[in-house]
Number of protein chains: 2
Amino acid sequence: MANIKNVAKKVNVSVATVSRVINNKGYVNEETRKLVEDAIKELNYIPNEFARSLFKKVSKTIGVIFPHLSNSFYYSVLEGIEEIAFEHGYKVMICNSHEDAERESEYIKQFVKYNIDGIIIGSNSNLLSRYKELEIPIVTIDRIIDESVPSVTSDNVSGGYQAALKLVSSGCKNLVHFRGPSILLTVQERSKGFQKFLNEKNLTCDTVDLAFINPEMSLIQQYLESKQNIDGVFCDSDIIAAKVMDVLVRLGKKVPDDVQVIGYDNTLLAELISPKLTTISQRMIEMGKEAIISLNCLIDKEELIEKHKLIPIELIERDTTKLI
Amino acid sequence: MANIKNVAKKVNVSVATVSRVINNKGYVNEETRKLVEDAIKELNYIPNEFARSLFKKVSKTIGVIFPHLSNSFYYSVLEGIEEIAFEHGYKVMICNSHEDAERESEYIKQFVKYNIDGIIIGSNSNLLSRYKELEIPIVTIDRIIDESVPSVTSDNVSGGYQAALKLVSSGCKNLVHFRGPSILLTVQERSKGFQKFLNEKNLTCDTVDLAFINPEMSLIQQYLESKQNIDGVFCDSDIIAAKVMDVLVRLGKKVPDDVQVIGYDNTLLAELISPKLTTISQRMIEMGKEAIISLNCLIDKEELIEKHKLIPIELIERDTTKLI
DNA sequence: TTGAAAGCGCTAACAT
DNA sequence: ATGTTAGCGCTTTCAA
């Protein structure tokens, strides 16, 4: 591997001159520049970023910590992050905390070792409160940990509200909310939005707690069997919705005639099950992009116009709800 | 940020001693060690990995380049990679080439700037042939570019073969293979395996080329309408299979009674559509793990026991095929 | 316009 | 058992 010295020697200039050329900084004679550039090409010289970073204390690398990787929310957000990161010349280190606080702080430690320029974290751990003391710029995804820590969140309250609005407007009288783990703030917010609309209309609903990805079929079945009058179901994931529809078929219910169903996430699944699923779409890629845009501002010490970005959701109407 | 000098000064020892303590290398008095360790804690000292890497020329970081991120194959492989990488103390840099060769080589360039210890690449680009000249250890996923470059691939030939075996054994007479883009080696191999079994039985089948993720519904429909006698369908993705089943329902065909269907990938989707999809499972997480295990050997200059790892597939029988 | 040299934080050979 | 020091590859100040 050629280094800056090799290049300098080849052209008979000092390393300082070569440095000026590769950084496009300071005076350097046009002819010398040409010579140096040729030598760089010939030797296939690529500056060592470690030496550079050692001096400059920036790494042009950002760290991303997510509690899961194989989850459409996170990998879509990651896709958005990577996209903009690339445009700004940042590298992305990806870490999977597996919801493990221990592991999370291990990653953070690695990050400071590597002079990471900034961190994007989607986490439900209780460590989060400690992060605001970190001197590294940080943006949280899908959660606000403190007024002072910039965030990008999806408008979950609106998601719940829109779902209720749609179901009730389409004629549903007896609603149930099959939601995600109620410890999650996002889930609480969806509930809040859902209830908010119902309150406005003096309606009530049942709530059943499930997992997003592996919801217990038996819990769904038990509930729906015991409540045969249910005619509107709001699910906190498309997966839950798919399972609900499965159960409904077995109970001899027609969707959307007897029961209307709304999912969450607008995953591929929503378009592939039949009838096609009405669902709430979170703009995940956009969330990723907004997160890295915020982070970039923080790194450049610019003022954030919007410290807490709330990304709107969108109701995607398909065939599991009735047209109004 | 405290550095090694600060620690040394605090305990009145030399930086060498501190270095010995943090690296657990060379002689150091138990008492001095205690003192140093205390100072490290007190100053919250974390060694700068850049300075270290500058010297040692290893970064404890590996680079991963995939053509897509939001694709169950790649993010599952990524999950496997990250898992083992963490265990071995490696950081993972993730890059999305978007199938763009230009971008791919830009990433490679970044990697050498950062003294990346090794690269895992899943790519269909024509650049691949150049990588074997790279001095950085490299492992390819899902593709063999050269006898000399270690790889981890899924047994696609067997995948095709097993699918044909299952369909024919279950009584199918008129088969069609809705496959992925035929430029892909993986797709060609599945075809090869599928045909191989058919040849053995003196059977033939039609082949229709589609996209994995966004297969054109109309092509599927056209084909199935024109060939009403089809009774066995092998699809190169679960998504294709889901769309096929959609079309079949509209054509009034019963699955699996009239037509049997086999998908590929064993995604979440397979269990959520009804009837539940029989599919070929690629062990993607395992592929990721095997890739990083190979890479780790290369980095440590150990001999690879198996240069080209072929990960077996598995037929997951569900309800879109008949029991034999 | 260019070069010499200090120094970023760390490791390791060598000396003590 | 510990310290001194050169050097990893680069940037940047200062001097020429």
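Each chain gets a letter, A, B and so on, in the order its sequence line appears, and its residues count up from 1. Everything numeric here is computed off the predicted structure, so don't read it as measured data. The analysis underlying the following values was restricted to heavy atoms, covering all of them including side chains, and did not include hydrogens, waters or symmetry mates.
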B:Lys5, nearest nucleotide to its side chain (from D:dC10, D:dT4, C:dC8)
C:dC8
Which nucleotide in C:dG9, D:dG9, C:dT2 has an atom nearest any side-chain atom of B:Lys57:
D:dG9
Within this structure, what is the CG-to-P distance between B:Leu43 and C:dG9, rounded to whole angstrom?
14 Å
Distance in angstrom units between B:Asn6 CG and C:dG9 P, rounded:
8 Å
Closest to the A:Val15 side chain: C:dA5, D:dG3, C:dA12?
C:dA5
Of all heavy-atom pairs linking B:Tyr90 and B:Thr61, the shortest is CD2-N, 3.9 Å
Among D:dT2, D:dG9, C:dA5, find the nucleotide with the atom closest to the side chain of A:Ala51.
D:dG9
If only side-chain N and O atoms of B:Tyr27 are considered, is one of them under 4.0 Å from the OP1 or OP2 phosphate oxygen of C:dA12?
no
Parallel, tilted or perpendicular: which describes the rings of B:Tyr75 and A:Tyr75, with under 30° parallel and over 60° perpendicular?
parallel
Shortest side-chain distance from B:Thr32, nucleotide among D:dT2, C:dA12, C:dT1
D:dT2
Between D:dC8, C:dG9, D:dT11, which one does the side chain of A:Arg52 approach most closely?
D:dT11
Choose from C:dA12, C:dG7, D:dG3 the nucleotide whose nearest atom is closest to any side-chain atom of B:Arg20.
D:dG3
Ignoring the backbone of A:Asn29, work out which of C:dT1, C:dA4, D:dC10 is nearest its side chain.
C:dT1
Of B:Leu54 and B:Val28, the one whose closest nucleotide on DNA chain D sits nearer the 5' end is B:Val28
With a 4.0 Å cut-off on heavy atoms, is A:Ser19 in touch with a base, just the backbone sugar-phosphate, or nothing at all?
base
Out of C:dT1, C:dG3, D:dG9, whichever nucleotide has its closest atom nearest the side chain of A:Ile4
D:dG9
Nearest whole angstrom, please: distance from the P of D:dT11 to the NZ of A:Lys56.
6 Å
Tell me if the aromatic rings of B:Phe86 and A:Tyr107 count as close, with their centers under 6.0 Å from one another.
yes
If I take atom CZ in residue A:Phe55 and atom P in nucleotide C:dC10, what distance separates them, rounded to the nearest angstrom?
16 Å
Starting from C1' on C:dG7, measure out to CG on B:Asn3 and report it in whole angstrom.
12 Å
Reckon A:Ser53 touches a base, only the sugar-phosphate, or nothing at all at heavy-atom distances under 4.0 Å?
nothing
Between A:Ser59 and A:Ile116 the two heavy atoms that sit nearest each other are OG-CA, 3.5 Å
Mind listing the closest non-hydrogen atom pair of B:Glu31 and B:Asn29 along with its distance?
N-OD1, 2.6 Å
Strictly below 4.0 Å: does A:Lys25 bring a side-chain N or O up to OP1 or OP2 of D:dT11?
no
Base, sugar-phosphate or nothing for B:Asn115? Non-hydrogen atoms, less than 4.0 Å.
nothing
Between A:Asn48 and D:dG9, is there a contact of a side-chain N or O with OP1 or OP2 at under 4.0 Å?
no
